[in-house]
Amino acid sequence: MDTFEAGTYDIAVIGAGHAGIEAALAAARLGMKTICFTINLDSIGNMPCNPNIGGTGKGHLVRELDALGGEMPLCADRACIQFRMLNRGKGPAVHSLRAQADRREYQKIMKHTMELQDNLSLRQAEITDIGIENGAVAFVQTQTGAIFRASAVIICTGTYLAGRTVVGEAVQDGGPDGMFAATILGEKLSALGLSLRRFKTGTPARVNARHIDYSKMTIQPGDEPPPPLSFETTEPPVNKVSCWLTYTNEHTHEIIRKNLHRSPMYSGIIDGIGARYCPSFEDKVVRFADKDRHQIFVEPMGLDTEEIYLQGFSSSMPEEVQIEMIRTVSGLENVEIMRPAYAIEYDCIDPLELYPTLETKKISGLYGAGQFCGSSGYEEAAVQGYVAGVNAALKLKGAVPLIISRSDGYIGTLIDDLVTKGTNEPYRMMTSRTEYRLLHRQDNADIRLAHFGHRVGLVSDERYARILKKYEQAEQEIKRLETTFVPPSEELTALLIKHDMPEPKSGVSLASLIRRPKFSYDEIAHLDKQAPELSEAVREQAEISIKYDGYIKRQQRQLEELTRMEAHLIPEDVDYNNLQGLRLEARQKLSAIRPQNLGQATRISGVSPADAAALMIYLKMRSS
């Protein structure tokens, strides 16, 4: 094929899903001449699975991305049609915001945002080659022979890379939602020496709402008032739809068991590894044989469509089996399938081949983000795209890279888990993955991470000043509550009796009341005669800080220990094979992963406490 020179750019982004969007916008906003390629411009920001943003653990990622200056939370607040805070019955550490999106509105907003962005060009094309010169990225080439020179390339291929969709015995090359797959690039990446692996994900059928009997289901309304995903959203979001809950039954499960021999997962048609935490429905029936029902969440795809998403019904069963099992569910007896469920296999890189900057170790200037790095989910993809885009720009500027540690929050935990521990299945963020949940809450993401966004130039001086002022006000309020005492009174006695607590013998501070179980800021408001006018966000920070003070301090001490470990930087030229005191497995793992600090080294599978001690002794001797 004849080739031709089509242009020169600083950064090329391959893919315009949630990772590619954040990578391209971050790079362009940092002054880099950026081009973003997508197989189809109509797939920009697509949600091929559930059209929602956030959820348990994922809501934390979105709030952190917002604190850094990312785009997803702002777009979601404009495009989402229902907002709910999950886990309200538990402590604030696991509160997670989830928003159901109007799928096409989200895509429209994101596409237009990219089209309007300075320094950013969009191009519909399949990338079939990445050129390397002197061990570094030099260009990308399209299927039509166009060569675009670039000093950095970010791969955000999602499930398109060697994508293969499966519905029963029907198997074909393809990406999500009937799009073309990227069939050539994977071979080129393997030829460059990158280790690729095969993962799988799946998505449920979509059905027509006209045939659903909602009277047989349980309504799930949004929260009032709706909490936004972005700290910067000033116009309150509006709940425009409800979601619904129904259940499968023994008849549904019997259909699965009867047709299990036709399941591609069990017949050997599917080779890729799927996520344990998001199994297909047939896998649920096999793995949880003792359960007589499973939840199915019935969720709208948007305001201008009758398509309904059946969350919890992911499957790769033949289409006729899907129809049979769906119609056994209460309220879905007469539904018509609009899009059958399918599984999709795709190629991705072994994330152990990446630095914490998300640059590949083998090729300078080549970065990855999202499902290409072994993760699963829109939110996981978006935060990686941001980190990759920022670091590609910083490298070209000769600036200090952006390293978000697991001590900083969920984004750091996600990336550290991938590049340090690796993953044998699509990685999904959950609140249980971080050791510091009470410190890394979604409500304080702005103060934890905005300084990173401000340093690189994606959070303005004005916004950063507002964040600092908010937390200064919270600190002042905490001091006031600690030093403001309420004398014994009928009002105080009545409040304590209401909660089965003894009457006070003397005055009590407002802070001591807030610390008590079942007490809240609002409940003691009538006792607080000198309460200043404060925003709800400031009041929230003051209440959480007071109520969980002891637990927070304990986690802060643990965090300080991690920070000390990560302060022990490991020189790049360490020869682990000749380092005394290391076991053979530790030498092999350390040589392969090449951790950047002692803290990261201790988290590598196969590095024992004795190995870590030997490495620490070596580092101390070398620095002395």
Side-chain angles (χ1 to χ4, degrees), residues 9-38 41-47 53 61-79 101 105-124 140 148 150-158 229-233 357-358 367-373 378-397 399 401-402 404 411 449-450 452-460 463:
Y9 292 82
D10 296 314
I11 296 173
V13 179
I14 304 174
H18 305 283
I21 287 169
E22 298 294 342
L25 288 174
R29 289 167 177 172
L30 290 177
M32 297 291 105
K33 186 180 179 183
T34 305
I35 185 166
C36 182
F37 297 93
T38 175
L41 282 171
D42 295 329
S43 68
I44 290 176
N46 187 26
M47 296 181 181
I53 301 295
L61 290 174
V62 180
R63 279 282 176 88
E64 291 185 353
L65 179 61
D66 183 63
L68 291 165
E71 193 64 32
M72 172 181 273
L74 290 167
C75 180
D77 281 344
R78 294 172 60 191
E105 183 68 12
Y106 185 93
Q107 287 185 269
K108 183 180 77 173
I109 293 171
M110 273 301 195
K111 181 171 182 282
H112 200 210
T113 298
M114 296 184 78
E115 290 169 342
L116 293 174
Q117 179 60 51
D118 292 341
N119 301 318
L120 178 58
S121 299
L122 288 174
R123 180 66 65 96
Q124 179 169 298
V140 296
F148 293 84
S151 301
V153 173
I154 306 171
I155 303 175
C156 306
T157 44
L229 283 158
S230 173
F231 291 102
E232 291 296 283
T233 295
T357 60
L358 298 181
Y367 295 77
Q371 286 179 281
F372 177 72
C373 298
Y378 312 143
E379 302 83 0
E380 291 89 340
V383 298
Q384 290 175 67
Y386 175 96
V387 171
V390 167
N391 277 314
L394 293 177
K395 179 167 184 172
L396 298 187
K397 290 182 174 185
L402 173 65
I404 300 178
I411 295 176
L449 293 177
F452 288 113
H454 184 248
R455 174 175 72 82
V456 302
L458 293 176
V459 170
S460 68
R463 181 183 179 187

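- Atom CD in Glu64 sits 7.5 Å away from atom CG in Leu68 (nearest 0.5 Å).
- You'll find the side chain of Ile411 reaches within 4.5 Å of the side chain of Leu61, heavy atoms only.
- Met72 places a side-chain heavy atom less than 4.5 Å from the side chain of Tyr106.
- At least one donor-acceptor pair closer than 3.5 Å links the side chain of Ser460 to the backbone N or O of Arg463.
- Contact between Ala388 and Gly368 at its shortest, heavy atoms only, is CB-O, 3.8 Å.
- Here the closest non-hydrogen pair linking Gly69 and Val459 is N-CG2, 4.0 Å.
- Counting heavy atoms from C-beta outward, Gln371 and Thr157 have side chains that stay 4.5 Å or more apart.
- Not a single donor-acceptor pair under 3.5 Å links the side chain of His454 to the backbone N or O of Leu449.
- Atom-to-atom distance recorded for Ile154:CD1 and Phe372:CZ is 12.0 Å, nearest 0.5 angstrom.
- Looking at every heavy atom in both residues, Ala28 comes nearest to Asn119 through O-ND2, 3.1 Å.
- With rounding to the nearest 0.5 angstrom, the CD atom of Gln107 is 8.0 Å from the CG atom of Asp42.
- Counting heavy atoms from C-beta on, the side chains of Ile21 and Ile44 come closer than 4.5 Å.
- Using modelled atom types, no side-chain atom of Lys395 and backbone atom of Ala152 make a donor-acceptor pair closer than 3.5 Å.
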Quiz item: Please walk me through it: do Val383 and Glu379 pass side-chain contact (heavy atoms from CB on, under 4.5 Å)?
Solution: CA-CA 6 Å; Val383 298; Glu379 302 83 0; 5.8 Å; no
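- For the pair Leu402/Tyr386, a side-chain contact is recorded, criterion being any heavy-atom separation below 4.5 Å from C-beta on.
- Counting heavy atoms from C-beta outward, Glu380 and Gln384 have side chains that approach closer than 4.5 Å.
- Counting only distance, with no hydrogens or angles, the side chain of Gln124 and the backbone of Leu41 share a donor-acceptor pair below 3.5 Å.
- Expressed to the nearest 0.5 Å, how far OG of Ser121 lies from CD of Glu115 amounts to 11.5 Å.
- More than 12 non-hydrogen atoms from other residues, nucleotides or ligands lie less than 6.0 angstrom from CZ of Arg29.
- Between Gln117 and Glu71 the shortest side-chain heavy-atom distance does not fall below 4.5 Å.
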Quiz prompt | Residue pair Leu458, Leu30: steps toward the side-chain contact (heavy atoms from CB on, under 4.5 Å) verdict | solution = CA-CA 7 Å; Leu458 293 176; Leu30 290 177; 3.9 Å; yes
Self-check item: Full working for side chain to side chain donor-acceptor pair (under 3.5 Å) between Ser230 and Asp66
Solution: CA-CA 6 Å; Ser230 173; Asp66 183 63; 2.7 Å; yes
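- Here the closest non-hydrogen pair linking Ala393 and Met32 is CB-CG, 3.6 Å.
- Put simply, the side chain of Ile14 reaches to within 4.5 Å of the side chain of Val153, judged on heavy atoms.
- Ring geometry for Phe148 against Phe37 counts as perpendicular: the plane angle is over 60°, on a 0 to 90° scale with 30° as the lower cut.
- Rounded to the nearest 0.5 angstrom, Thr113 OG1 and Arg78 CZ are separated by 6.0 Å.
- Nearest approach of Asn46 to His18, heavy atoms of both residues: O-NE2, 2.9 Å.
- Between atom CG of residue Leu122 and atom CD1 of residue Ile35 there is a gap of 8.5 Å, rounded to the nearest 0.5 Å.
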Quiz item: Taking it one step at a time, do Asn391 and Thr357 satisfy side chain to side chain donor-acceptor pair (under 3.5 Å)?
Solution: CA-CA 6 Å; Asn391 277 314; Thr357 60; 5.0 Å; no
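- Pairing each heavy atom of Met110 with each of Cys75, the nearest pair is CG-SG, 3.6 Å.
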